[in-house]
Amino acid sequence: MSDGYYTGGREYFPGIQKIRYEDPESDNPLAFKHYDENKVIGGKTMKDHLRFSVCYWHTFCGTGADPFGPGTQLFAWDEPADPMDAAKARMDAAFEFFTKLGVPYYCFHDRDIAPEGATVSDSEANLAVMTDIALQLQKETGMKLLWGTANLFSHPRYMNGAATNPNFFVLAHAAAQVKSALDATVALNGENYVFWGGREGYASILNTDTGRELDHMAKFLSLARDYGRSIGFTGNFLVEPKPMEPMKHQYDFDASTVIGFLRHYGLDSDFKLNIEANHATLAGHSFSHDLQMSANAGLLGSIDANRGDPQNGWDTDQFAVDLYDTVNAMLVVLQNGGLSPGGLNFDAKVRRESIDMEDIFIGHIGAMDAFAKGLEAAYNLIENSPLITDRQNRYRNFNEGLGSDFENGKLDLADLRNIAAEHGEPAIESGKQERYENLINQYMTKRS
């Protein structure tokens, strides 16, 4: 450890010191302007409210490659020719980054931290080695694992899905990966475990038995739950919705679809949702919509914090910098009672054209500041503005009398008809949308 951050045998981000909080007037791109981890808001520090996490895949495995060209970002940790040597170098770089940035959590797919071997046993052995190294680094640095998961979408065997694949032996390979990833997550004291069904869907209904595939996916999740509980995993299992891409039709389309799936198969007592902003917008929703649907169902588990580009129709995984999105998101989170044991994971990557090592820090710093500012504004809106009481007041005639009787199941349809006839035409009231949009602006720009 050096000045509060980890460096192993080699410093991969030379010249960059631990990122500090300065103040909103600072022009230092390598300093926080709003995220002061020790600042207390509503009885909790910013660090405890936001529970920031860095993702392994974009930050250390991505190189800026796209369908039109190879990677543009060259990293020293990719230099070793041996895959395991590269994995060890990458992990050293990752923990240096985590501790210099000052986040409490990280998360990974199995193949992010350990290369796939020639056999199932080889892959398990590789992951076990890297898990031991990660555990030692966690002990040295105080870093924690927000969640683990398995990459069940990249390998060609998963081109037709993993748990929903029409070939049973592909499903068995997926199960082997999940078992090993769960073992690693438990060994590293991971607080959650995520399923993202990247290819759990179909391209053509003509060759797909959707009912059977959904049954298989539910069975697969239940077996993973049972195994996880049997080895001592006590955290939440999380399902991450996404409407399409890479598959044309994905079974976990949006929050409401996943909620219905979990309830239909009786999985909602163990599984919650991991909501990604870019996935919500691809489904035609706002980020806050999918958060609110999950919270309404009591199933908001964690967040992949990023944004998409409204001019692109795919998953661009950009860093969140839109304060409107962060304020609205934190309004939901605060009224949900927080995210613990989930958190805000930056499933985001710098742009292909951003090739300096400091750019990775700058992207995370901006997003952390955006959510910190969103947290402050949301808390002040809840505590000091009329937003919540005015919203509740819109439903005031359900609080007593006939409205209360309806909510409590004391009226039938004929009763409602008679009430309408006796009451006459109801008065209409303004929704005051512009008033509340202006409140967001007002509180978003206030200095704390």
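Being a predicted model, the structure only gives us computed values, none of them experimental. If you read the sequence from its start, that first residue is 1, and numbering goes on from there.
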Do Lys179 and Tyr227 have side-chain heavy atoms sitting under 4.5 Å apart?
yes
Worked verdict on Ser26 versus Asp23 for side chain to side chain donor-acceptor pair (under 3.5 Å):
CA-CA 6 Å; Ser26 171; Asp23 62 60; 5.7 Å; no
Going by the angle between their ring planes, with limits at 30° and 60°, are Phe75 and Trp77 parallel, tilted or perpendicular?
parallel
With heavy-atom distances below 4.5 Å as the criterion, would you say the side chains of Val103 and Phe97 are in contact?
no
Going through the checks in order, is the side-chain contact (heavy atoms from CB on, under 4.5 Å) test met by Leu137 and Asp92?
CA-CA 9 Å; Leu137 291 177; Asp92 261 354; 4.3 Å; yes
Residues Arg157, Glu116; criterion salt bridge (Lys or Arg N to Asp or Glu O under 4.0 Å); working and verdict:
CA-CA 13 Å; Arg157 76 171 69 94; Glu116 182 160 8; 2.9 Å; yes
Contact summary for Val332 and Gln292, nearest pair of heavy atoms:
CG2-OE1, 3.5 Å
Between Phe98 and Phe60, is the ring centroid distance below 6.0 Å?
yes
Passes side-chain contact (heavy atoms from CB on, under 4.5 Å), Asn441 versus Tyr324? Steps please.
CA-CA 8 Å; Asn441 280 348; Tyr324 290 99; 2.5 Å; yes
Evaluate the ring planes of Phe153 and Trp196, with Trp represented by its six-membered ring, and classify them as parallel (under 30°), tilted (30 to 60°) or perpendicular (over 60°).
perpendicular
Would you call the rings of Tyr251 and Tyr202 parallel, tilted or perpendicular, where under 30° means parallel and over 60° means perpendicular?
tilted
So do the side chains of Trp147 and Asn345 get within less than 4.5 Å of each other, counting heavy atoms only?
yes
If only atom types and distance count, is the side chain of Thr257 paired as donor or acceptor with the main-chain N or O of Asp252 below 3.5 Å?
no
When the ring planes of Phe346 and Phe319 are compared, do they come out parallel, tilted or perpendicular, using 30° and 60° as the limits?
tilted
Taking Ala65's backbone N and O only, do any of them form a donor-acceptor pair with Gln73's side chain (distance below 3.5 Å, no angle check)?
no
Any donor-acceptor N/O pair, Asn165 side chain to Asn167 backbone, under 3.5 Å:
yes
So do Leu282 and Lys242 actually touch side chain to side chain, heavy atoms under 4.5 Å?
yes
Strictly below 4.0 Å, N to O, side chains only: are Arg10 and Glu96 in salt-bridge contact?
no
Counting N and O atoms only, with roles assigned by atom type, does the side chain of Thr99 sit under 3.5 Å from a partner on the main chain of Tyr6, one being a donor and the other an acceptor?
yes
Side chain to side chain, Arg199 and Leu152, heavy atoms closer than 4.5 Å
no
Glu191 side chain near Arg51 side chain, heavy-atom distance below 4.5 Å:
yes
For a 4.5 angstrom cut-off between non-hydrogen side-chain atoms, does Pro341 reach Asn192?
yes
So, Asn236 side chain and Leu238 main chain: donor-acceptor pair closer than 3.5 Å or not?
no
List the steps, then state whether side chain to side chain donor-acceptor pair (under 3.5 Å) holds for Asp347 with Trp57.
CA-CA 8 Å; Asp347 185 0; Trp57 51 99; 2.9 Å; yes
With distance as the sole test, does His109 use its side chain to make a donor-acceptor pair with the main-chain N or O of Arg111 at under 3.5 Å?
no
Do other residues, nucleotides or ligands put more than 12 heavy atoms under 6.0 Å from the CD1 atom of Ile355?
no
Polar side-chain atom of Thr185 near backbone of Gly190 as donor-acceptor pair, under 3.5 Å
no
Kindly determine whether Thr210 and Thr208 satisfy side chain to side chain donor-acceptor pair (under 3.5 Å), including the steps that lead there.
CA-CA 6 Å; Thr210 57; Thr208 305; over 6 Å; no
Check whether NZ of the Lys or CZ of the Arg Lys18 lies under 6.0 Å from the centre of the six-membered ring of Tyr5 and within 45 degrees of that ring's axis.
no
On the 0 to 90° scale, with breaks at 30° and 60°, tag the Phe287-Phe371 ring pair as parallel, tilted or perpendicular.
perpendicular
Looking at Asn312, is its backbone amide N or carbonyl O close enough to the side chain of Thr316 to form a donor-acceptor pair, meaning the two atoms are under 3.5 Å apart?
no
Test: Asp325 and Arg307 ion pair at under 4.0 Å
no
Measuring only between side-chain heavy atoms, which start at C-beta, is Ile365 closer than 4.5 Å to Leu101?
yes
Donor-acceptor pair, distance only, cut-off 3.5 Å: does the side chain of Glu245 make one with the backbone of Asp315?
yes
Describe, in one word, how the ring planes of His285 and Phe253 are oriented to each other, choosing from parallel (under 30°), tilted (30 to 60°) and perpendicular (over 60°).
perpendicular
Take Glu11 and Lys100, measure what salt bridge (Lys or Arg N to Asp or Glu O under 4.0 Å) needs, and give me the verdict at the end.
CA-CA 11 Å; Glu11 191 167 8; Lys100 282 185 171 180; 2.7 Å; yes
As a quick check of understanding, evaluate salt bridge (Lys or Arg N to Asp or Glu O under 4.0 Å) for Asp270 and Arg229, giving each step before the final call.
CA-CA 10 Å; Asp270 291 286; Arg229 297 297 186 227; 3.1 Å; yes
For side chain to side chain donor-acceptor pair (under 3.5 Å), just list the numbers for Asn306 and Asp317, CA-CA rounded to whole Å, side-chain angles, deciding distance to a tenth of an Å, and then say yes or no.
CA-CA 6 Å; Asn306 60 15; Asp317 288 325; 2.9 Å; yes
Using only atom types and a distance under 3.5 Å, with no angle test, would you say the side chain of His364 pairs donor to acceptor with the backbone of Ile360?
yes
